[in-house]
Structure formats: structure tokens, C-alpha cells
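Residue numbering restarts at 1 for every chain, and letters A, B, ... go by the order of the sequence lines.
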There are 2 protein chains.
Amino acid sequence: MNERIVDLLKKNHLSITESRKKILSHFLDANGALAHADIEHKSGTEFDRVTIYRTLQTFVEKGMIHTIPTTDNSVRYALCKDECSAGHHHDDHVHFMCDECGTTYCLDHVIVPQVALPEGFKAIRNDLVVSGICNKCS
Amino acid sequence: MNERIVDLLKKNHLSITESRKKILSHFLDANGALAHADIEHKSGTEFDRVTIYRTLQTFVEKGMIHTIPTTDNSVRYALCKDECSAGHHHDDHVHFMCDECGTTYCLDHVIVPQVALPEGFKAIRNDLVVSGICNKCS
DNA sequence: ACAACAATGCAACACTGTTGCAAAATTTAT
DNA sequence: ATAAATTTTGCAACAGTGTTGCATTGTTGT
Ligand SMILES: [Mn+2]
Ligand SMILES: [Mn+2]
Ligand SMILES: [Zn+2]
Ligand SMILES: [Zn+2]
């Protein structure tokens, strides 16, 4: 378990620090996406708030996690697949937010469909967020 | 012009106040969506920040405007179509955010497609945000 | 014009996110 | 293993966003 975390950090050319290991482990343990506040609560007073912000930024830049657009305008993060890297993200999957339990899921196997836009509009990224009832709450 | 604004407020059983008239006129003038901060800047020191927040809330509740899910996690509002009312919103259209000019558009004629979800997930709302280059910037 | 009611401004507060800088930890070179 | 070079962290300070309570003001219907 700890091995996998250290390997992940090494693979991304990041120095091995307590905060990074712990924050990364929270993502590996979680089944849904995590908000900054979630990590802050899970970590207690272990790290400074600022450290969490900077660690999340770093992880995003390295392609280890990705942000999720949410309808309630909170920022959430989830682990990326192995295919993702610093340059290339593979964020073409649908995200699901449960109205009941609040969990946000990456539906990795549900691909966002393309839509035809009006004349002159050029799509670069498509984000589809589905809200409703998740499989655990139904 | 002023007539239309007063009518819209009356139709929604809202008392006619300076703030509501001005804020509503900003939406009628704008071609894209507006954030709270946009209205604050347009209004100068005319109203208190809190009044703007409360007015926006009221307009949303009455079905006059709707919030737009954005990828940069800012809250933006746009005028609803006439079909929208306090109970029923018709928010099944795609939204577009221009990476160049930052404008957010309601693409009223582009409908969000349905997607097949994994077993146990039940969709209640679908929000599709497309980012890219708008017709004015291309 | 008046009473009843609703909306506003102000103050205070909580939460989110960013930056600069000194101290501490990690990595690299000796 | 030690020391130097580089990164990361914690702290403090700050700006922005959004909410609430309460007294004051404005709007509405009679
Ligand atoms: Mn995802
Ligand atoms: Mn819209
Ligand atoms: Zn759920
Ligand atoms: Zn544009």
C-alpha cells in the first residue's frame, strides 16, 4: 500500500513528503471524489490548509488527479487513470453527483457525447455532469 | 424597455424596486451570462452586495434566471425563457464557455443528449458545458 | 394617508483560495 | 555520511465569496 503511493510519487518526479503520501492515500481509500474541505477534515491538524491547496495543485499539474465540474460550484478532485500524464488528460468521461448522499463519481466507462454547435462555435472540451440517485442510494 | 421590466416583475408577483429593475435590465442588456461580480461592477455603489445576492436568489426562485454550471467553478446567471416558472425550469440546453473572451452562452437550441448510466444510477438532471472558441472570437 | 408588509443597508461572520517569506525537510553532490 | 542546493512547508496576511440578524427604509393595498 505505502509502496504504491511512493511509486506513484516517484513516477511523477515528486519528492516524497508526509503530506503528499497522506493526501494521496486519502484518494486511494476514497470511492468518490474529494473536496479540499474533505481532505482538511480527514487530515485534522496534520497539515496546514495551504499545504493541501498546493499539494492538490501539484497533483493536478502532474496529471495524477483531475478537477470535476460540479453543479453546486464546489471544487472536487478524483484520481486520474494511468493513461493521464502532465500534458495529456483523458477527461472525456461523465461525472455523476448523487442528490441523496452527495458523492461524486467518475463514470469512467461512460463517454461524453459530442453535440453539434451553432455556426462559428468550436468545441475544445465537453463536460457532462449528471445528477440524480446513485447505485448505493437507490 | 422599462415597461417590459416592470411587467416581468409584476408577472412574477415581485414588488417593483430600484435594485430589481436595474439588475433585471443588466440581464436584458447582456448577451452572455452574468456573475454576481459583473453586476456588482456594473452597478457601482448603487446597491449593497447583499441586495444583489438576495435579488439573484429571488430571481432564481421565481424562474426568471437560472444558474449555469461552469468549469472554473464560478457562479453565473442567465435569463430563462418564458416557459420557465417558479416550479418548472427548462434547463435542458447546452452551455458554452469561451476560453478566449470568457463569455458564457446559453445555446438554447442545442439539447443535452441522454447517456446510458451503469446499473443502479438514475439520472434526474444532465448538465453539459462545452468550452472552446465562440463565434465572436474565431 | 395609513397600516401592513417586504426589501434594503449595515455589520459581522464563516469559508475559500492566493501570495510572500522564513523555517524545515528532502534531494543531490561531495 | 556530511554538507550544499533545492523543495516543501507553516505562518501570517490578505482578497473574494456568500450568509445571517436586525434596524431602517421603501412598497403595496386599503
Ligand atoms: Mn473523473
Ligand atoms: Mn442557460
Ligand atoms: Zn448516493
Ligand atoms: Zn469568445
Side-chain angles (χ1 to χ4, degrees), chain A residues 2 5-26 33-62 64-77 86 102 104, chain B residues 2 5-26 33-62 64-77 86 102 104:
Chain A
N2 206 302
I5 290 170
V6 170
D7 282 355
L8 238 165
L9 289 172
K10 279 186 183 164
K11 193 181 299 175
N12 288 283
H13 312 289
L14 291 175
S15 38
I16 318 296
T17 69
E18 280 308 307
S19 2
R20 285 174 181 168
K21 282 193 285 184
K22 273 284 174 65
I23 291 174
L24 197 43
S25 79
H26 287 142
L34 296 178
H36 174 277
D38 294 330
I39 297 167
E40 204 171 337
H41 291 142
K42 280 179 200 290
S43 305
T45 60
E46 216 168 348
F47 323 111
D48 194 80
R49 261 169 10 94
V50 178
T51 300
I52 299 177
Y53 278 113
R54 290 197 267 229
T55 303
L56 289 172
Q57 264 183 219
T58 304
F59 285 177
V60 169
E61 282 162 13
K62 291 294 183 178
M64 301 164 67
I65 61 178
H66 62 279
T67 60
I68 299 180
T70 57
T71 44
D72 62 348
N73 283 97
S74 65
V75 183
R76 305 205 184 183
Y77 303 86
T104 303
Chain B
N2 206 303
I5 290 170
V6 170
D7 282 353
L8 239 163
L9 289 172
K10 279 185 183 166
K11 193 182 301 176
N12 287 284
H13 312 290
L14 291 175
S15 38
I16 318 297
T17 68
E18 279 310 306
S19 1
R20 286 175 180 166
K21 282 193 285 184
K22 273 284 175 62
I23 293 173
L24 198 42
S25 80
H26 287 141
L34 297 178
H36 174 275
D38 295 329
I39 298 168
E40 205 173 334
H41 292 140
K42 281 179 199 287
S43 305
T45 60
E46 215 167 351
F47 323 111
D48 195 77
R49 261 172 7 94
V50 178
T51 299
I52 300 177
Y53 278 115
R54 291 198 265 229
T55 303
L56 290 172
Q57 264 183 221
T58 303
F59 286 178
V60 169
E61 282 162 14
K62 291 294 183 177
M64 300 164 67
I65 61 177
H66 63 278
T67 60
I68 299 179
T70 57
T71 45
D72 63 348
N73 283 99
S74 64
V75 183
R76 304 204 187 183
Y77 302 86
T104 303

Colleague: Give the residues of residues 45-54 of chain B touching DNA chain C, defined as any heavy atom closer than 4.0 Å, sorted by residue number.
Modeller: B/Glu46, B/Phe47, B/Asp48, B/Val50, B/Thr51, B/Arg54
Colleague: Starting from the 5' end of DNA chain D, give me the residue, A/Ser19 or B/Ala37, whose nearest nucleotide shows up first.
Modeller: A/Ser19
Colleague: Quick one: pull up CD1 in B/Ile39 and NE2 in B/His41 and give me the separation to the nearest 0.5 Å.
Modeller: 11.5 Å
Colleague: Roughly how far, to the nearest 0.5 Å, is NZ of A/Lys11 from CE of A/Met64?
Modeller: 9.5 Å
Colleague: When you compare the protein's N or O atoms with those of nucleotides 1-5 of chain D, which come within less than 3.5 Å of each other, and at what distance?
Modeller:
none

Colleague: Name each donor-acceptor pair under 3.5 Å that joins a side chain in residues 14-22 of chain B to protein atoms two or more places apart or in another chain, with its distance.
Modeller:
unit_1, atom_1, unit_2, atom_2, d
B/Ser15, OG, B/Arg20, NH1, 3.2
B/Thr17, OG1, B/Arg20, N, 3.3
B/Glu18, OE2, B/Lys21, NZ, 3.4
B/Arg20, NH1, B/Ser15, O, 3.1
B/Lys22, NZ, B/Glu46, OE2, 2.5

Colleague: Can you see which heavy atom on A/Pro69 is nearest to which on B/Thr70, and at what distance?
Modeller: CB-O, 4.3 Å
Colleague: What is the distance, rounded to the nearest whole Å, between atom CG of B/Asn73 and atom P of C/dT16?
Modeller: 13 Å
Colleague: Looking only at side chains, do B/Arg76 and B/Thr104 share a donor and an acceptor under 3.5 Å apart?
Modeller: yes
Colleague: Sequence neighbours excluded and cut-off under 3.5 Å, please list the side-chain donor-acceptor pairs for residues 47-56 of chain A, or say none.
Modeller:
unit_1, atom_1, unit_2, atom_2, d
A/Asp48, OD2, A/Val50, N, 3.0
A/Thr55, OG1, A/Thr51, O, 2.7

Colleague: Take the protein atom NZ of A/Lys21 and the nucleotide atom P of D/dT8, then report the distance between them rounded to whole Å.
Modeller: 15 Å
Colleague: For C/dT18, does OP1 or OP2 lie under 4.0 Å from any side-chain N or O of A/Gln57?
Modeller: yes
Colleague: Looking across every strand, which nucleic acid part, if any, lies under 4.0 Å from B/Thr58 by heavy atom: base, sugar-phosphate, or nothing?
Modeller: nothing
Colleague: Under 3.5 Å between N/O atoms: give me all the protein pairs with nucleotides 23-29 of chain C, atom names plus distance.
Modeller:
unit_1, atom_1, unit_2, atom_2, d
C/dT27, OP1, A/Ile16, N, 2.7

Colleague: Would you kindly give the NZ-to-P distance between A/Lys10 and D/dT7, to the nearest whole Å?
Modeller: 18 Å
Colleague: Within this structure, what is the CD-to-C1' distance between B/Glu40 and D/dA15, rounded to whole angstrom?
Modeller: 12 Å
Colleague: Taking atom C1' of D/dT8 as reference, at what distance in whole Å does atom CG of A/Leu9 sit?
Modeller: 13 Å
Colleague: Could you walk me through whether B/Phe59 and B/Ile23 pass the side chain to side chain contact (heavy atoms under 4.5 Å, CB included) check?
Modeller: CA-CA 10 Å; B/Phe59 286 178; B/Ile23 293 173; 4.1 Å; yes
Colleague: Looking only at non-hydrogen atoms, find the nearest pair between A/Lys42 and A/Leu34 and report the distance.
Modeller: CE-CD2, 3.9 Å
Colleague: What is the distance from atom OG1 of A/Thr71 to atom CD1 of B/Ile68, rounded to the nearest 0.5 Å?
Modeller: 13.5 Å
Colleague: Atom CG of A/Asp72 and atom C1' of D/dG18: how far apart are they, to the nearest Å?
Modeller: 14 Å
Colleague: B/Arg76 has an atom CZ; how far is it from atom C1' of D/dG18, in whole Å?
Modeller: 17 Å
Colleague: So for the helix from C/dA1-D/dT30 to C/dT30-D/dA1, with five pairs setting each end axis, what is the inter-axis angle to 10°?
Modeller: 30°
Colleague: Given atom CG of A/Asp38 and atom P of C/dG17, what is their separation to the nearest angstrom?
Modeller: 12 Å
Colleague: What's the closest nucleotide to the A/His36 side chain, out of C/dA7, C/dG17, D/dT9?
Modeller: C/dG17
